[in-house]
*Asks:* 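Provided herewith is a single structure, encoded as structure tokens, for subsequent inquiry.
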Protein chains: 2
Amino acid sequence: MRNTAKHAAEEEPHTRLRRNSGRVTLRDVADHLGISQISVSRYFQDPERVSGSLRERIAQAVAQLGYVPNLVAGGLASAHSRVIGMVIPNISGPIFAATIQSFSDAVTAHGYQLLLASSYFSGEQEENAVRGLLGWSPAALVLTSHFHTQATEAMLARTSVPVIETWDYQARRKPWQVGFSHPEVGRMAARHLLERGYRRIAFVQNSAAGDFSALERRDGFAEVMREHGREPRFHVPQEAQPAHAGREALFALLDGPDPADAIVFANDNLASGALLAAQRAGIAVPQRVALMGFGDFPFSEMLTPGLTTIRPPARQMGVLAAELIFARLDAVQAGKERAGAVRRPKALACELIVREST
Amino acid sequence: MRNTAKHAAEEEPHTRLRRNSGRVTLRDVADHLGISQISVSRYFQDPERVSGSLRERIAQAVAQLGYVPNLVAGGLASAHSRVIGMVIPNISGPIFAATIQSFSDAVTAHGYQLLLASSYFSGEQEENAVRGLLGWSPAALVLTSHFHTQATEAMLARTSVPVIETWDYQARRKPWQVGFSHPEVGRMAARHLLERGYRRIAFVQNSAAGDFSALERRDGFAEVMREHGREPRFHVPQEAQPAHAGREALFALLDGPDPADAIVFANDNLASGALLAAQRAGIAVPQRVALMGFGDFPFSEMLTPGLTTIRPPARQMGVLAAELIFARLDAVQAGKERAGAVRRPKALACELIVREST
DNA sequence: TTGTACGCGTTATCAT
DNA sequence: ATGATAACGCGTACAA
């Protein structure tokens, strides 16, 4: 068939050179069969919309010509793409892995694709990511927590793309949130250690300065401590690498005349670093100092002693976020009637996992 | 300013209803300033291409109107999008994490975006992912290893999108590869254990049936064993979950009259599962049986005893793949002259990490 | 440096 | 059930 400057000279009077990217288009398939583009288009949108005989011929032509639908063109024409954007502080790493995974699976199952970006707990990076993702007119946008720059908030306020936030929960916030309460996590940790009889308890912050959710956990922890008449202690690591930061915190908090008898870490990475350092230094856990983390990362149960931690509903958040998004998309597609049927989710719960380290 | 049916009635004689998605466009910015679209377009492509005074006015209008460039339209017009597709067997999970991370960072640093899909070691899922990703006319496509379905290979052969494969190395394959030799990994493992004096050595396959690279490692292992006059042993786990599969393999291989004295696992997930099971069952490692894995996952050094393993150049593969892609893109942009300057990469090396488990 | 004209490949709309 | 035509919003080519 025509290959360069295809379908140019025949119908147009003022034939300039067309730009034609060289890829097989809907039109090539249609011309090949002597039918119109729109029939082929319909075949891809919903094969039932063309007659059975045509369906077979199109399928064959598509295979023969190696046609791959151009989603960019489709997205432009229909003003919405089958892409969903997601911004996560850390793509790799155990923290968000289960959420990404479950969300990604749901997205794929619905025939959508995932545009993924990491912010590294930086507002600026998140802002750039959001701008870029919105440029693709995604069907939805998923962010992590409610801490954004002003410019990001402005973009969110202006866009018509539905936005959902995960790993956080506030009942009244404008973007619906799928997650749990961070202060409550801090409270759980404090209560657990107080119940166990520990009294000189410290909280170790994340070395990533932008992890504001970790500070919310810290505040929840401090609140319960004070309610029980115990002054909470804190440590802010200087070391950047989590394992080193955990080690640093351990030694700092055991040093001096009034050493801590229990330490809550902002996450399991820090906690496991401390646990290993304790093991190597011959510091008995939990006899001399109890350690606990947050996240229940896969290795936390493999350590000796096993790490007590708080397990967030990581998988569930991805699943629920996807359900919410597709319910909303379906509702819009089905007309406004059922749009009200999609309900704001409730807060999810975290689970205290008690192992040997406390 | 005009909001619905904007810029419709004025210039077109046969004014039908325009479709207009409602978002702020380049044209809105241009109209706002009384200049042409193309000047605003140039501003976004390269601010240096418009005069300083105009530059400031445009910047202000963009901020005021909240314009976000429509990458879909831009992609269609220019026939290439600033998106890079990546298909990885497992997005989350420790195996490919470092590769994804380093690649993602490089992509972001170049102002591109990452469209990520997982195949779960399934050829069919990979095929769907590739089709979907190619639909976005990505600037490049990154796959994992060389095992694809015929349909996938056909798409790769036909597309003009540059393709790179990672986590694999074959010097002559058509898509350039950025990675290492899997058989060599298997050979390294066998040599290490034989040197240590182990003789009844078994290899445990991955419970994920589609992980063909793991079979290449197995074959390299078997080759060296036979060279040394030792018959290799194998175990194929039935359990799906890696930790359980590792446990199952451990007990199966220690059972019977001629138990294994060393076991190589397809990856660290399996190996650590076995290590923990051994610990709980009071099986001395490495005295009664030595264990080693592949991957050097973050927790492998945290186990007691530390897990001997082979560390792939995970980070480096992501970095190198990105370098290759952007060098190629730059070369194309700069004209064909320098296109030859981009050289096929050499094989990367894995590193044997000896800890206490062997 | 700035502007005009038009195509990129698809889908929405209207017509048969 | 199928077709004709005009958008979608931007970048390329060419002109001034």
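Letters A, B, ... are given to chains in the order of the sequence lines, protein chains preceding strands, and every chain is numbered from 1.
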*Asks:* For residues 35-45 of chain B, pull every pair meeting side-chain hydrogen bond (donor to acceptor under 3.5 Å, both in side chains), keeping only residues two or more places apart or in separate chains.
*Replies:*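 The answer is Ser41(B)-Gln45(B).
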
*Asks:* With nearest nucleotide decided by heavy atoms, which residue, Ser39(B) or Val68(A), maps closer to the 5′ end of DNA chain C?
*Replies:*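 The residue whose closest nucleotide sits nearer the 5' end is Ser39(B).
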
*Asks:* When all nucleic acid strands are considered with a 4.0 Å heavy-atom cut-off, which category describes Ile38(A): base, sugar-phosphate, or nothing?
*Replies:*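 Base contact.
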
*Asks:* Ser119(A) and Glu126(A): side-chain donor and acceptor closer than 3.5 Å?
*Replies:*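 Not at all, the side chains of Ser119(A) and Glu126(A) share no donor-acceptor pair under 3.5 Å.
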
*Asks:* Rounded to whole angstroms, how far apart are CG on Asp28(B) and C1' on dG9(D)?
*Replies:*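 These atoms are roughly 10 Å apart.
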
*Asks:* Scan the side chains in residues 127-134 of chain B for donor-acceptor partners under 3.5 Å anywhere in the protein, sequence neighbours excluded, and list what turns up.
*Replies:*
{"residue": "Glu127(B)", "atom": "OE1", "partner": "Thr149(B)", "partner atom": "OG1", "Å": "2.8"}
{"residue": "Glu127(B)", "atom": "OE2", "partner": "Arg131(B)", "partner atom": "NH2", "Å": "3.3"}
{"residue": "Asn128(B)", "atom": "OD1", "partner": "Arg131(B)", "partner atom": "NH1", "Å": "3.4"}

*Asks:* Write down the distance between CG (Asp31(B)) and P (dG9(D)), rounded to a whole number of angstrom.
*Replies:*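 Value for this atom pair: 13 Å.
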
*Asks:* From the list dT10(C), dG7(C), dA4(D), which nucleotide is the closest neighbour of the side chain of Asn70(A)?
*Replies:*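 Of dT10(C), dG7(C), dA4(D), dT10(C) is nearest to the side chain of Asn70(A).
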
*Asks:* By nearest atom, which of the nucleotides dG3(C), dT2(D), dC10(D) is closest to the Ser36(B) side chain?
*Replies:*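 The nucleotide sitting nearest to the side chain is dG3(C).
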
*Asks:* Expressed as a whole number of angstroms, how long is the span from Leu76(B):CG to dT11(C):P?
*Replies:*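 Between P of dT11(C) and CG of Leu76(B): 12 Å.
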
*Asks:* To the nearest Å, how far apart are His80(A) NE2 and dG9(D) P?
*Replies:*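 After rounding, the reported distance stands at 13 Å.
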
*Asks:* Can you tell me which nucleotide in dT12(D), dG9(D), dT2(D) comes closest to the side chain of Thr25(B)?
*Replies:*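 Minimum distance to the Thr25(B) side chain belongs to dG9(D).
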
*Asks:* Is it true that a side-chain atom of Thr144(B) and a backbone atom of Val87(B) form a donor plus acceptor pair closer than 3.5 Å?
*Replies:*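 Side chain of Thr144(B) to backbone of Val87(B), a donor-acceptor pair under 3.5 Å: yes, one is there.
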
*Asks:* Is Tyr67(B) near enough to dG9(D) that one of its side-chain N or O atoms lies under 4.0 angstrom from OP1 or OP2?
*Replies:*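 For dG9(D), neither OP1 nor OP2 has a side-chain N or O of Tyr67(B) closer than 4.0 Å.
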
*Asks:* Categorize Tyr43(B) for me: base, sugar-phosphate, or nothing, with a 4.0 angstrom heavy-atom threshold over every strand shown.
*Replies:*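 Nothing, no heavy atom under 4.0 Å.
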
*Asks:* Whole-Å distance between dG11(D) C1' and Leu26(B) CG?
*Replies:*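 In whole Å, dG11(D) C1' and Leu26(B) CG are 9 Å from each other.
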
*Asks:* Please enumerate all residues that pass salt bridge (charged side-chain N to carboxylate O under 4.0 Å, His left out) together with Glu165(B), with sequence neighbours excluded.
*Replies:*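 Glu165(B) satisfies salt bridge (charged side-chain N to carboxylate O under 4.0 Å, His left out) with Arg173(B) once adjacent residues are dropped.
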
*Asks:* Round to the nearest Å and state the distance from Arg27(A) atom CZ to dG7(C) atom C1'.
*Replies:*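 Rounding to the nearest Å, CZ of Arg27(A) and C1' of dG7(C) are 12 Å apart.
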
*Asks:* Applying ring-ring contact (aromatic ring centres under 6.0 Å, His included), which residue pairs with at least one partner in residues 133-154 of chain B are found, sequence neighbours left out?
*Replies:*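 Sorted result for residues 133-154 of chain B: Trp136(A)-Trp136(B), Phe147(B)-Phe212(B).
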
*Asks:* Please name all residues satisfying ring-ring contact (aromatic ring centres under 6.0 Å, His included) with Phe44(B), sequence neighbours left out, ordered by chain then number.
*Replies:*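 Phe44(B): ring-ring contact (aromatic ring centres under 6.0 Å, His included) contacts with Tyr67(B).
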
*Asks:* Whole-Å distance between dA7(D) P and Gln37(A) CD?
*Replies:*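 Computing the Gln37(A):CD to dA7(D):P distance gives 16 Å.
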
*Asks:* Could you tell me how far apart Ile35(A) (CD1) and dT2(D) (P) are, to the nearest whole angstrom?
*Replies:*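 Those two atoms, CD1 and P, are 8 Å apart.
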
*Asks:* Within residues 44-59 of chain B, find the residues that approach DNA chain C with a heavy atom at under 4.0 Å, and present them sorted by residue number.
*Replies:*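 Correct list: Val50(B), Ser51(B), Leu54(B).
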
